[in-house]
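Predicted, not measured: the structure shown is a model, and the values here were computed from it. FYI, side chains are in, hydrogens and waters are out, and symmetry mates aren't considered; it's all heavy atoms of this structure.
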Amino acid sequence: MNYNEFSNGTKIIDGDNSIAELSTVLVGLNASRVLVVVAERLSDGGFVDTIKNAIEKSGRLSVGAIYLGNEASDGEDMLKDLYFVYMSNNCDAIVVCGDGKLIDFSKALKLLVATQIKDVKKFYTVADIAREVIYIPFIAIPLEFGSGSETNSTAVVFDKEKGVSRNVTRGLLSPDYCIVDGELISGMDKAKTAYGVLEIFARAVDGYTVTSATPISIESLAKVYDDYIELQTSAISDGFCQVALTGLKPYALDLLEAPTTAKYVKMETRSAYLSKGTDSSGLGLIQCVAQAIADVKKIDYCKALPKAIKTVFSYNLDACKERYARCLLFFAGWQMYSDCPIENRHNKFVEIAEEFIDALREKYIGGEEIELNDEEKQAVLNAMAYNANVLNNPRKFNSIAFKSLL
């Protein structure tokens, strides 16, 4: 079965003690022997036992193996380890609790097992591979908010041979359930919280603006139909993006200044639904740029995000004037939108958005802005050329123009 962004199959569970629902959910998915993938930093404090006990509460379930994953590990090597552990312990389901990277590795494992293909490189292109599919129940428990990996059908895997991050996009990657545990994500420090906010902001802006950057073609009836479908998809994506942007600034600052478990859960739920709403729709230019900068500069993806957002703002400014003006309304509210002259609303949105990014970076994240020399700029462009999201983006990518903005 192929999923798309609005029926990707991921159901979201949040609430008090939501992890206690694991056994009920897994039994409903016809699981029996579960591989539990848990972030290594959760090995102390009894959390692994909590997960194990929640699963084995049902007599129909057992934990086949527990894998402690280090999010900093090499993706391809971890995939090989995960595949061996899964197969050698006769597992038939996966529960993962970690950050976006660990969830991505587990999603890639699900894809390899489901398609009986051991080499993840075969999925680096967007072409479908005709294979009989084995159903693998899959539950994701995010350790941090903002990544979106817990509800979408994309996994990012670093390609050691090319030295770039690859986006693997398949409907099979969507988790069956996302379980939001407030106690877990409320353990984020302020720097990671600020980056999570920026990731939500970036995905919402990307999703809302880029779909209108390509004019509608009327070359043929078939093309008109394709554009009609794209517009319907775009209209629903817009709804998710508008909701994500509305009130994001004051809510994020309130969360950072006076954090509570309830506020973290609300922010993660916003992130999860946003990711469902924009999933697989050819978006993600900001995220592609951030991945490329991170690979070239050998830094964490999140640290490259502020630079990526600003670069894409400049790149899309002319094509997305009307959309950026609407973003001003959602992000800053009616008063600022109505007070600002019509012809300057798109610039005003970029201005206040960059002020917001700088404020988060300076107060909660720290560090200087990233600078790229000419060689590094070209390396970023080369890395982006391997990214399917760039190649299939509705906004045609002009590498010469983009290089000048980097």
Inset, instruction - Provide the closest heavy-atom pair for Pro137 versus Ala31 in the form atom of the first, atom of the second, distance. - result: CG-CB, 4.1 Å
Legend entry - Under 3.5 Å donor-acceptor, Lys57 side chain and Ala20 backbone: yes
Legend entry - Heavy atoms of other groups near Glu322 CD, more than 12 under 6.0 Å: no
Inset, instruction - Examine distances only and state if a side-chain atom of Ser18 and a backbone atom of Asp14 form a donor-acceptor pair shorter than 3.5 Å. - result: no
Inset, instruction - Give a yes or no answer on whether the side chain of Thr151 reaches the backbone of Ala272 with a donor-acceptor pair at less than 3.5 Å. - result: yes
Legend entry - Pairwise distance CD1(Ile309) to CD1(Ile357) - rounded to 0.5 angstrom: 4.0 Å
Inset, instruction - Taking atom NZ of Lys403 as the centre, report whether more than 12 heavy atoms of other residues, nucleotides or ligands fall under 6.0 Å from it. - result: yes
Inset, instruction - Kindly determine whether Cys97 and Phe47 satisfy side-chain contact (heavy atoms from CB on, under 4.5 Å), including the steps that lead there. - result: CA-CA 10 Å; Cys97 179; Phe47 181 75; 3.6 Å; yes
Inset, instruction - Ignoring hydrogens and angles, state whether a donor on the side chain of Asp339 or Gln335 is under 3.5 Å from an acceptor on the partner side chain. - result: yes
Inset, instruction - Begin from the C-alpha positions of Phe123 and Thr169 and carry the test side-chain contact (heavy atoms from CB on, under 4.5 Å) through to its verdict. - result: CA-CA 8 Å; Phe123 297 98; Thr169 303; over 6 Å; no
Inset, instruction - Can you see which heavy atom on Phe356 is nearest to which on Ala252, and at what distance? - result: CZ-CB, 4.3 Å
Inset, instruction - Flag the pair Glu161 and Lys121 as a salt bridge only when some basic side-chain nitrogen lies within less than 4.0 angstrom of an acidic carboxylate oxygen. - result: no
Legend entry - Backbone of Leu143 reached by a side-chain donor or acceptor of Asp99 within 3.5 Å: no
Inset, instruction - Compare every heavy atom of Ala244 with every heavy atom of Leu274, then report the nearest pair and how far apart it is. - result: CD2-CB, 3.8 Å
Legend entry - Candidate pair Arg203 and Ser271, rule side-chain contact (heavy atoms from CB on, under 4.5 Å), full reasoning: CA-CA 9 Å; Arg203 194 182 306 118; Ser271 169; 3.9 Å; yes
Legend entry - Under 3.5 Å side-chain donor-acceptor pair for Tyr67 and Ser106: no
Inset, instruction - Tell me yes or no: between the side chains of Tyr386 and Arg166, is some donor less than 3.5 Å from an acceptor? - result: no
Legend entry - side-chain hydrogen bond (donor to acceptor under 3.5 Å, both in side chains) assessment of Asp295 paired with Ser165: CA-CA 7 Å; Asp295 291 340; Ser165 292; 2.9 Å; yes
Inset, instruction - For the residue pair Asn382 and Gln378, confirm or rule out a side-chain donor-acceptor distance under 3.5 Å. - result: yes
Legend entry - Side-chain donor/acceptor of Asn89 to backbone N/O of Cys91, under 3.5 Å: no
Inset, instruction - Describe, in one word, how the ring planes of Tyr324 and Phe349 are oriented to each other, choosing from parallel (under 30°), tilted (30 to 60°) and perpendicular (over 60°). - result: tilted
Inset, instruction - For Val85 and Ala65, work out which heavy atoms get closest and say how close. - result: CG1-CB, 3.6 Å
Legend entry - Test item: Lys249 side-chain N/O and Ala353 main-chain N/O as donor-acceptor pair under 3.5 Å: no
Legend entry - Side chain proximity check, Lys52 to Val36, heavy atoms < 4.5 angstrom: no
Inset, instruction - Assess the side chains of Asp92 and Ser32: does a donor N or O sit below 3.5 Å from an acceptor N or O? - result: yes
Inset, instruction - Look at the side chain of Asp159 and the backbone N and O of Val164, then say whether any donor-acceptor pair between them is shorter than 3.5 Å. - result: no
Legend entry - N/O donor-acceptor pair under 3.5 Å between Tyr264 side chain and Leu255 backbone: no
Inset, instruction - Check whether more than 12 heavy atoms from other residues, nucleotides or ligands sit under 6.0 Å from atom CD of Glu362, and answer yes or no. - result: yes
Inset, instruction - Give, for atom CZ of Phe330 and atom CG of Leu328, the distance between the pair rounded to the nearest 0.5 Å. - result: 10.0 Å
Legend entry - Verdict with supporting geometry, Val205 and Asn316, side-chain contact (heavy atoms from CB on, under 4.5 Å): CA-CA 11 Å; Val205 172; Asn316 277 338; over 6 Å; no
Inset, instruction - Considering non-hydrogen atoms only, spot the tightest contact between Thr10 and Pro175 and give its length. - result: OG1-O, 2.5 Å
Legend entry - pair Lys377-Phe402: side-chain heavy atoms closer than 4.5 Å: no
Legend entry - Straight-line distance of Thr154 OG1 to Lys107 NZ, nearest 0.5 Å: 6.5 Å
Legend entry - pair Lys303-Lys297: side-chain heavy atoms closer than 4.5 Å: no
Legend entry - Worked verdict on Asp358 versus Arg361 for salt bridge (charged side-chain N to carboxylate O under 4.0 Å, His left out): CA-CA 5 Å; Asp358 288 338; Arg361 184 178 55 79; 3.7 Å; yes
Inset, instruction - Can you spot which of Lys192, Glu268, Glu199 makes a side chain to side chain contact (heavy atoms under 4.5 Å, CB included) with Glu144? - result: Lys192
